[in-house]
Amino acid sequence: MHALLHKFISTIIRRGNLTVTFSNGKSRHYGGGHGKPVHIRFNTKRAERGILGNPEFYLGHYYAEGEIDLVQGDMYDFLEAVFTGDPGGEFQQRPWMKAIAALRYKLRHFKEFNVAHRSRRNVQHHYDLTGALYDLFLDKDRQYSCAYFETKETDLEEAQLAKKRHIAAKMAMTRPGLSVLDIGCGWGGMALYLARFLGASVKGVTLSDEQLAVARKRAEDGGFAERVRFELEDYRHVQEQFDRLVSVGMFEHVGRPFYDQYFQQCAKLLKKDGVMLLHTIGRTDMPATTNAFIEKYIFPGGYIPALSEVMPAIERSGLKITDIEILRLHYAETLKAWRERFMARRDEAKALYDERFCRMWEFYLAGSESAFRWQNLVIFQIQLAHDQQAVPLTRDYIHEAEACLRAIEQRQGEGVARFPQEAAE
């Protein structure tokens, strides 16, 4: 067993400075010996067998269970050694790993069959955790999606504000009073931003009881209850039409079997001269399956699409693609900030839940950051419309709108932004 595991680790760790202690107490060193030292220990033979059979799942699983420990360094350091030491992903090309991936791919339809009641259960699994947990590592607006880092010096708070500004600018909000549907509104930050700085009338829908309660209270406390309403409602059940649609970090929960339904519903809800902005995690390579650990413990029913899976559904819906932007590495930096904040307040998280939960979330945050930094994950921002003339001819309006919004943010709500195209009319 130990000889097989040693051979396996030797093939994937060619760089770095890794020490592994096996369950029999013996230690070996891997990599070139340069860089930050990392030391991992297997406490049980079961954990060793799991890593040999399916490391994608069992590394996180047995770390959470305490059957694998980090003696030196942290989980992110270890994953850096793995992903930079095996840049070609050779361990994933092993016959047994390819067989596991093929089986999971065949079962993907069942895993992602997110009918309404199943979608609600999946959302509750993650988003109905106590809000005190999210306050440990999110920004003050509780933006639980990729931030937008305009410079290397931008901090998390500024980057999350810039994300909302960037999305709002792409929505071409040319006048106050536009109606907006926020699909998957979270704790209400995007909806409240649109109401405060653009004078929009917003409906936000969520399937999380915890998020709904917080969002409604924020609207009430901020004096926006007349312009912003939040509902516990599946997007498939919304009936009104809107000038603008926005969806940030929700599409990952739709599931491939429902892509046609999703975009057809969006086409139905969007007015003929309207604009939609979809912000979602995506993959840069071919369609695959959700990471097994993430699927089981973090986001059941979730799936990260390739662009080739999204485009056909959009085309069949009748909506037109008017803009696509790929945000590279922005989520890696977002997750780095979340991970560092979480680890700095780990004891508080443990008091809310337990050690197993903390280890699970350590792995989730470190693994997700690694996937955006060294693997195949990015952010797609896709702008859609019925009419190709719904947005200006060039992308200059985005920069102009951001400048307008930045100015109005600095004045802290002394009115609503007037965009250049509105002023010119």
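Treat the numbers as computed from the prediction; the structure is a model and nothing was measured.
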### salt bridge (charged side-chain N to carboxylate O under 4.0 Å, His left out) assessment of K170 paired with E402
CA-CA 9 Å; K170 288 186 174 186; E402 287 179 310; over 6 Å; no

### Message
Is there a side chain to side chain donor-acceptor pair (under 3.5 Å) between Y58 and E65? Walk through the geometry before answering.
### Response
CA-CA 10 Å; Y58 282 112; E65 296 296 333; over 6 Å; no

### Task
Show the numbers, then the answer: is there a side-chain contact (heavy atoms from CB on, under 4.5 Å) between I382 and I314?
CA-CA 10 Å; I382 305 174; I314 293 175; 4.3 Å; yes

### Task
Step by step, work out the side chain to side chain donor-acceptor pair (under 3.5 Å) result for K164 and Q143.
CA-CA 9 Å; K164 289 175 285 188; Q143 289 293 302; 5.4 Å; no

### Task
Let me see the working for K320 and D387 under salt bridge (charged side-chain N to carboxylate O under 4.0 Å, His left out), right down to the final yes or no.
CA-CA 7 Å; K320 295 178 175 62; D387 183 351; over 6 Å; no

#### Entry: Verdict with reasoning, D354 to R356, per salt bridge (charged side-chain N to carboxylate O under 4.0 Å, His left out)
CA-CA 6 Å; D354 55 24; R356 180 177 180 274; over 6 Å; no

### Task
May I have the step-by-step check of side-chain contact (heavy atoms from CB on, under 4.5 Å) for T289 and E295, ending in yes or no?
CA-CA 9 Å; T289 57; E295 178 184 76; over 6 Å; no

### Task
For the pair K268 and Q239, evaluate side-chain contact (heavy atoms from CB on, under 4.5 Å) and give the outcome as yes or no after the intermediate values.
CA-CA 9 Å; K268 177 182 174 183; Q239 297 296 321; 4.2 Å; yes

### Task
Begin with the C-alpha distance, continue with both residues' side-chain angles, and end with the deciding distance and a verdict on side-chain contact (heavy atoms from CB on, under 4.5 Å) for Q160 and T334.
CA-CA 9 Å; Q160 290 292 15; T334 305; 4.0 Å; yes

### Message
Run the salt bridge (charged side-chain N to carboxylate O under 4.0 Å, His left out) test on K36 and D74 for me, step by step, so that the C-alpha distance in whole Å, both residues' side-chain angles and the decisive distance to 0.1 Å come before the verdict.
### Response
CA-CA 11 Å; K36 188 173 183 179; D74 58 26; 5.2 Å; no

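Residues passing the side chain to side chain donor-acceptor pair (under 3.5 Å) test with D69, sequence neighbours excluded: R41, N43, R359.
A distance-only check finds a donor-acceptor pair linking the side chain of E158 to the backbone of D155 [under 3.5 Å]. Using a distance-only test at 3.5 Å, with no hydrogens or angles considered, no donor-acceptor pair links the side chain of R316 to the main chain of D260. Looking only at distances, no side-chain donor or acceptor of S368 sits under 3.5 Å from a matching main-chain atom of L365. A donor-acceptor distance shorter than 3.5 angstrom exists from the side chain of Q265 to the backbone of Y235, with no hydrogens or angles considered.
Aromatic ring centres of Y364 and F299: separated by under 6.0 Å. With ring centers used as reference points, Y331 lies under 6.0 Å from W338. Taking the six-membered ring for Trp and the full ring otherwise, the centers of H61 and F293 sit at least 6.0 Å from each other.
Put simply, the residue from V246, L270, V238 that forms a side chain to side chain contact (heavy atoms under 4.5 Å, CB included) with L181 is V238. When each of Y303, Y259, F380, F258 is paired with F251, the ring-ring contact (aromatic ring centres under 6.0 Å, His included) condition holds for Y259 and for no other.
For the atom pair CG (L52) and NZ (K7), the distance works out to 11.5 Å, reported to the nearest 0.5 Å. Between atom CZ of residue F372 and atom CG of residue L327 there is a gap of 10.0 Å, rounded to the nearest 0.5 Å. Taking CG of L277 as the start and CE of M171 as the end, the distance is 6.5 Å to the nearest 0.5 Å. Q261 CD to C266 SG: the interatomic distance, rounded to the nearest 0.5 Å, is 10.5 Å.
Remark: the S179 side chain and the D243 side chain contain an N/O donor-acceptor pair separated by less than 3.5 Å. Judged purely by distance below 3.5 Å, without hydrogens or angles, the side chains of Y62 and E48 never pair a donor atom with an acceptor atom.
Legend: salt bridge (Lys or Arg N to Asp or Glu O under 4.0 Å) pairs involving residues 279-289, not counting sequence neighbours: none detected. Sorted by first and then second residue, the ring pair (Phe, Tyr, Trp, His ring centres under 6.0 Å) pairs involving residues 203-226 (not counting sequence neighbours) form an empty list.
The shortest distance between side-chain heavy atoms of F263 and V310 falls below 4.5 Å. Between W361 and I298, the closest side-chain pair of non-hydrogen atoms falls below 4.5 Å. Two residues are said to be in side-chain contact when any heavy atoms from C-beta on lie closer than 4.5 Å; L319 and H386 meet this criterion. Looking at heavy atoms from C-beta onward, Y297 lies out of side-chain contact with F363 at the 4.5 angstrom threshold. Contact of the D135 side chain with the R345 side chain is not registered, since no non-hydrogen atoms from C-beta on lie closer than 4.5 Å. Contact of the F8 side chain with the I51 side chain is registered, since non-hydrogen atoms from C-beta on lie closer than 4.5 Å. I379 has its side chain out of reach of H330: every pair of non-hydrogen atoms, C-beta onward, lies at least 4.5 Å apart. Contact annotation: the side chain of R218 never approaches that of F230 to less than 4.5 Å [non-hydrogen atoms, C-beta and beyond].
Within the cation-pi definition used here (under 6.0 Å to the ring centroid, within 45° of the axis), R373 does not qualify as a partner of Y76.
Atom CZ of R328 has 12 or fewer heavy atoms from other residues, nucleotides or ligands within 6.0 Å. Under a cut-off of 6.0 angstrom, the local environment of CD in E220 is sparse, with at most 12 non-hydrogen atoms contributed by other residues, nucleotides or ligands.
The minimum heavy-atom distance between Y148 and A162, with the atom names listed, is O-CB, 3.5 Å. When all heavy atoms of L245 and F242 are compared, the closest pair comes out as CD2-CB, 4.0 Å. Residues M286 and A306 share a closest heavy-atom pair of C-CB, 4.2 Å. For the pair L156 and A147, the tightest heavy-atom approach, listed with the atom from each and the gap, is CD1-CB, 4.4 Å. The two residues A168 and L194 make their nearest non-hydrogen contact at CB-CD2, 3.8 Å. Closest approach of F137 to F342, counting heavy atoms only: CB-N, 3.8 Å.
Using a cutoff of 4.0 Å between basic side-chain nitrogens and carboxylate oxygens, E157 and R341 are scored as salt-bridged. For E240 and K271, the salt-bridge test fails: no basic side-chain N is under 4.0 Å from an acidic carboxylate O.
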